[in-house]
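Fair warning: this is a prediction, and the values are worked out from it, not measured in the lab.
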Amino acid sequence: MRVAFAGLAVLCMAFAAAADEAPATALETITVIGQAEADARIVGSAHLVDQQTLEAFAYDDLNRVLAFVPGVYLREEDGFGLRPNIGLRGANSDRSQKVTLLEDGVLFGPAPYSAPAAYYSPLTARMVGVEVFKGPAAIQHGPQTIGGAVNLISAPVPGVLSGLVAVDGGTDGYGRAHLRGGGPLGSFGALGEFVHVGSDGFKALDGGGDTGFEKNEAMVKLGHDLGEGRIELRLGYADEVSDETYLGLTEADFRAEPLRRYAASALDRMDWEWYGVRLDLEQPLLGGRLLATAYSHDFSRAWMKFNNLRGEDIREVLAAPETPRNQIYYQTLTGQRDGNPNESSDDLLIGTNDRDFRSSGVQGRLRWNLGAGEWSHGIEAGARLHDDRIRRLHDEFAYDMLGGRPVRNAAAGAITADNTARATALAAWLRDEIVRGRWTIAPGLRIESIDTSFDDRLAGLRNDDRYSVVLPGIGVNFAQTATLSWFGGVHKGFSPGSPGSGEVEPEEAVNYEAGLVWNGVAGRIELTGFYSDYSNLTAQCTFSAGCDDAELDQQTNAGEVRVQGVEAGWRDAFAVGQLSLPLSVTYTWTDGEFRESFESPNPQFEVVERGDELPYVPEHRANAVVGLEHPRWDTQLSVTYVSAMRDTAGSGPIPAGEGSDGFTVVDLAAGWALSDTLRLVGRIDNLLDREYVVARRPFGARPGKPLSAQLGVRYRF
C-alpha cells in the first residue's frame with residue numbers, strides 16, 4: 001500500500017505542476033436518476049442517495065447508507081458493514097445474492113453467476129452516489145432482476161485540478177484516511193484515490209484478543225479525450241484483514257453482555273485481496289452514443305473460523321446451554337474448561353475456507369434519442385458477455401481448549417470441499433422510452449443465456465447445464481398535472497440457478513408495481529405498491545445461513561411464493577433566514593409467504609408449511625432524516641426503525657430467542673466550515689446506545705453496533 005500512496009502523491013504533484021485550465025470531458029455517468037428524479041415523467045422505482053447525503057454522514061457501512069431507501073432490507077452481521085446482506089422487495093438478503101451489485105454500471109460481485117454471495121463490497125467513502133433500481137427499472141441491470149439492483153457511483157475524473165484530504169478518528173480505535181486528487185492535463189485527465197479504514201472492534205473476546213479490522217482501497221483512473229468521445233483506464237486494488245467470526249452468543253449471555261465474544265472464536269480471521277482492471281470507451285456510433293466496457297476482477301479470500309463442535313451441533317448447545325451434556329460444551333466454548341486430550345467429543349473444529357474468484361467480461365450499451373414534436377423515443381440496446389468462476393478449497397482441523405485458547409491437537413485434519421464452479425452468460429436487452437403528450441411508455445426486453453459447470457473433485461462428479469430465459473417488461477407514466485404523475489409496470493424477474501445443484505432451476509417471478517409521485521406545496525410524496533408472484537423461489541446454502549460443507553451452495557427450490565408491500569416517501573425543505581430545515585421520511589411494509597409446503601436442509605427453511613412467512617424480511621421498516629443547515633455549519637439526525645425478523649420460515653409470533661430484535665437506532669452527524677477549504681466533521685452512531693440482536697445466523701445471537709463516535713477534518717483544494 002505504500003506504493004499506492006506514493007503513486008497518488010506523485011500523481012497529485014504532477015497535475016499541480018502542469019494542469020491545463022481547460023476542463024477534461026468526463027465519461028457518461030451511469031445514472032438514470034439524479035436530477036431526473038424530480039422529473040414527473042420518471043418510469044418505475046429508482047432512488048438516489050446523493051453526494052451531499054453521503055458526505056454529511058460519511059458512513060463506511062453500506063447498510064446504513066441504504067437505510068435511507070424504501071424497499072431495501074438489511075441484515076447486519078458485524079456492525080461495520082464489511083459483508084453487507086441486502087435484499088430488495090422481499091428477496092433473500094443473505095450475502096446480497098439476490099441483488100445485482102454494480103459499480104458505475106459494472107458487476108463487482110466476486111462471481112455474480114456461479115457464486116453470487118457477495119463477500120466483497122467497495123468502500124462507500126469512494127462513492128459520490130448510490131442508486132437503487134426496482135421494478136421494470138431493473139431490466140437493464142441483470143442478472144438478478146426480481147428484487148432489483150444497487151449501483152455505486154465512484155468519483156469521476158475532475159475537470160479542474162482538485163482533491164481531498166480527509167482524516168478521522170474515533171472510539172474503539174477507529175481511524176480513517178482518505179486521499180483523492182486529480183485533474184486535466186491537455187486532452188488527458190487522471191484521478192488517484194486511496195482509502196484506509198480500521199478499528200480495534202467493539203466486541204470483548206474472552207481472555208482478550210483482537211476483534212477489529214483494517215481495509216485499504218486504491219484506485220487510479222486515466223482518461224484521454226477522443227474528439228467527441230473518451231477512453232478511460234481504471235486500475236484498482238483492495239484488501240482486508242478482519243478478526244471476524246460467525247460464532248454468536250446464547251440468549252442469556254447476549255442479554256447480560258451483548259458485546260461478549262467466546263474464546264472458541266479467538267483464531268477467527270478473514271484475509272482477502274481484490275484486483276481490478278477496467279477499460280471504458282464512449283463514442284458516437286450509428287447516430288447514437290456508445291458506452292463500451294471491458295473488465296476483469298480477481299478476488300482471493302481465506303477465512304479461518306470456528307465451524308462446529310465434534311460431539312454436538314453448536315446450534316443445539318447455544319439453544320440449550322443449561323442441560324448437563326451441553327454445559328460441558330458451553331464451558332469449552334467459553335474457555336472455562338480445558339478440553340480433554342484423550343476425548344475427541346469436545347474438540348473444536350476450526351477450518352479455513354480458501355476461495356479464489358475471477359469475474360470478467362465485455363459489455364456495451366448504445367443509446368439513441370429519436371423523434372421530435374408529438375412523438376419521441378429514447379432507445380437503449382445493450383449486451384454483455386460475462387464469465388466468472390469460483391475455486392473452493394476448504395479444510396478443517398481439531399483444536400483443544402487449553403488455558404482459554406484453542407490449541408491444535410494431533411488429530412488428522414481433513415479437506416472438506418474441493419470444487420470449482422463456473423458460469424458463462426450472454427445477456428442482451430432492449431428498452432424504448434416513448435413519450436407522447438402526457439404519456440411515457442417504456443417497454444423492455446432482456447434475454448439471458450447461461451452455461452454452467454461444476455466439478456467436485458472430492459466426490460469425483462461433474463455437472464454441466466445450459467438454459468435461457470426471456471424477460472419482458474413494461475413501465476408506464478401518466479403526467480396528470482405538472483405536479484402529479486401516476487406510474488405502473490410489470491416485468492418478469494429472474495435469478496440464476498446454482499451450478500452443481502443437478503438440474504438447475506432458476507428463480508422466476510412476475511413483478512407488478514403501481515404508484516404516484518406528487519411534487520407540490522407539501523413537498524415531494526412518493527407512494528408505490530408492489531406485488532411479486534414467484535413461480536419458483538430459490539435459495540443457495542451459505543455458511544452465513546448456517547449450512548455446512550455438505551450443503552454448501554446447494555439450491556433449494558421453494559416453489560410458489562407471494563410477496564406484496566407498500567413503499568412510501570416524503571421529503572421537503574423549509575427555510576428561515578439563513579437556516580434550512582430539510583426533512584425526509586421513508587416507510588416500507590412487506591408481507592411475504594410461501595404458497596407451497598416442503599422440507600429443505602437449508603436451515604433458513606427446514607419444514608415449511610403453506611402460509612409460512614419468509615425469513616429475514618421485516619414487516620415494517622422506516623427511516624427519518626431531519627437536518628438543520630447554515631452556510632457555515634449543519635447537523636443531520638437519522639432515525640431508523642426495523643421490526644423483528646424471523647430467522648427460520650414460520651408463522652405466528654416469533655418465538656423468544658429466535659430471530660432478530662425489533663430496534664430503533666439514532667445517528668447524529670454534524671459539520672462546521674472553518675474556512676472555504678477546511679471543514680470539521682463528527683458523527684455519533686447509535687446515539688441512544690441501544691442493544692439489539694441483528695441476526696442469529698449461523699451460530700447464536702450477534703449484536704448491532706453500539707454507541708460509537710468519530711471526529712474528523714476535511715481539506716479540499
Side-chain angles (χ1 to χ4, degrees), residues 77 201 203-211 243-268 304-351 396-411 413-414 416 543-550 601 603-604 606 646-648 654-661 691-703:
E77 181 172 323
K203 296 179 184 177
L205 184 66
D206 289 343
D210 296 330
T211 64
D243 299 299
E244 280 300 330
T245 183
Y246 278 144
L247 182 58
L249 304 173
T250 68
E251 177 69 9
D253 284 345
F254 182 90
R255 301 306 171 187
E257 195 176 350
L259 304 185
R260 180 184 178 187
R261 211 174 105 177
Y262 295 148
S265 68
L267 302 180
D268 290 18
M304 183 178 183
K305 57 181 177 56
F306 171 85
N307 286 340
N308 215 325
L309 296 159
R310 188 185 296 279
E312 182 62 271
D313 190 309
I314 180 61
R315 285 166 286 226
E316 299 296 329
V317 174
L318 296 176
E322 69 283 353
T323 68
R325 174 181 170 84
N326 286 348
Q327 280 183 9
I328 296 174
Y329 294 119
Y330 171 79
Q331 291 169 1
T332 302
L333 284 174
T334 57
Q336 301 173 51
R337 170 187 177 275
D338 280 354
N340 183 352
N342 300 317
E343 174 57 55
S344 64
S345 65
D346 61 358
D347 283 353
L348 307 175
L349 301 180
I350 297 174
E396 189 171 79
F397 294 90
Y399 287 71
D400 290 322
M401 181 64 72
L402 297 175
R405 280 292 179 271
V407 177
R408 185 172 165 183
N409 63 32
T416 57
F543 280 108
S544 60
C547 302
D548 58 28
D549 274 299
Q604 292 191 79
E606 297 180 341
R646 60 178 71 250
D647 63 3
T648 302
I654 300 174
E658 297 183 17
S660 69
D661 291 338
E691 298 175 350
Y692 55 98
V693 175
V694 294
R696 297 179 188 271
R697 291 283 166 200
F699 311 133
R702 287 189 284 177

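When all heavy atoms of Tyr330 and Tyr262 are compared, the pair lying nearest together is CE1-OH, 3.7 Å. Shown here for Asp346 and Glu343, the closest heavy-atom pair between the two residues is OD1-O, 2.9 Å. Considering every non-hydrogen atom in both Pro341 and Gly339, the closest pair reads CD-O, 3.3 Å. Taking both residues in full, the closest heavy atoms of Ala701 and Val693 are given as CB-CG2, 4.0 Å, listed atom of the first, atom of the second, then distance. Across all non-hydrogen atoms, the minimal contact from Pro406 to Leu348 is CB-CD1, 4.1 Å. Ile314 approaches Leu309 most closely through the heavy-atom pair CD1-CD1, 4.1 Å.
A donor-acceptor pair under 3.5 Å links the side-chain atoms of Gln327 to the main chain of Glu322, judged by distance alone. Under the 3.5 Å distance criterion, the side-chain polar atoms of Asn409 are matched with a main-chain donor or acceptor of Ala411. Judged purely by atom type and a 3.5 angstrom limit, Asp313 uses its side chain to pair as donor or acceptor with the backbone of Arg315. Between the side chain of Ser660 and the backbone N or O of Ala695 there is no donor-acceptor pair closer than 3.5 Å.
Note that the CG atom of Asn340 and the CD1 atom of Ile328 stand 10.0 Å from one another [nearest 0.5 Å]. Residue Met401 holds its CE atom at 11.5 Å from CD of Gln331, rounded to the nearest 0.5 Å. Atoms CG and CG, on Leu333 and Leu247 in that order, are 6.0 Å from each other to the nearest 0.5 Å. Distance CD/Glu312 to CG/Asn326: 5.5 Å, rounded to 0.5 Å. One distance of note links CD of Gln336 with CG of Asp206; it measures 7.5 Å at 0.5 Å rounding.
Look at Asp253 and Arg260 and you find a salt bridge, because one of the NZ, NE, NH1 or NH2 atoms lies within 4.0 Å of a carboxylate O, short of that distance. At a threshold of 4.0 Å, the pair Glu658-Arg696 does not count as salt-bridged, since none of the basic side-chain nitrogens sits closer than that to a carboxylate oxygen.
With hydrogens and angles left out, the side-chain atoms of Thr648 and Arg697 include a donor and acceptor closer than 3.5 Å. At a cut-off of 3.5 Å, with distance as the only test, a side-chain donor of Glu396 or Asn307 sits close to an acceptor on the other residue. Between the side chains of Thr332 and Arg337, a donor-acceptor pair is found at a separation under 3.5 Å.
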Derivation of the side chain to side chain contact (heavy atoms under 4.5 Å, CB included) call for Ser345 and Tyr329: CA-CA 9 Å; Ser345 65; Tyr329 294 119; 3.9 Å; yes
Yes or no on side chain to side chain contact (heavy atoms under 4.5 Å, CB included) for Leu205 and Ser265, after CA distance, side-chain angles and deciding distance? CA-CA 8 Å; Leu205 184 66; Ser265 68; 3.6 Å; yes
Under the criterion salt bridge (Lys or Arg N to Asp or Glu O under 4.0 Å), I'd like the reasoning laid out for Asp210 against Arg261: C-alpha separation, chi angles, the key distance, then a yes or no. CA-CA 10 Å; Asp210 296 330; Arg261 211 174 105 177; over 6 Å; no
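Looking at heavy atoms from C-beta onward, Arg702 lies out of side-chain contact with Phe254 at the 4.5 angstrom threshold. Within the 4.5 Å cutoff, the side chain of Arg310 has heavy atoms near those of the Ser344 side chain.
Figure legend: Arg408 and Tyr399 shown without cation-pi pairing, the cationic atom not lying both under 6.0 angstrom from the six-membered ring centre and within 45 degrees of its axis.
With Met304 as the partner, the side chain to side chain contact (heavy atoms under 4.5 Å, CB included) test is satisfied by one option alone out of Asp268, Thr245, Ile350: Ile350.
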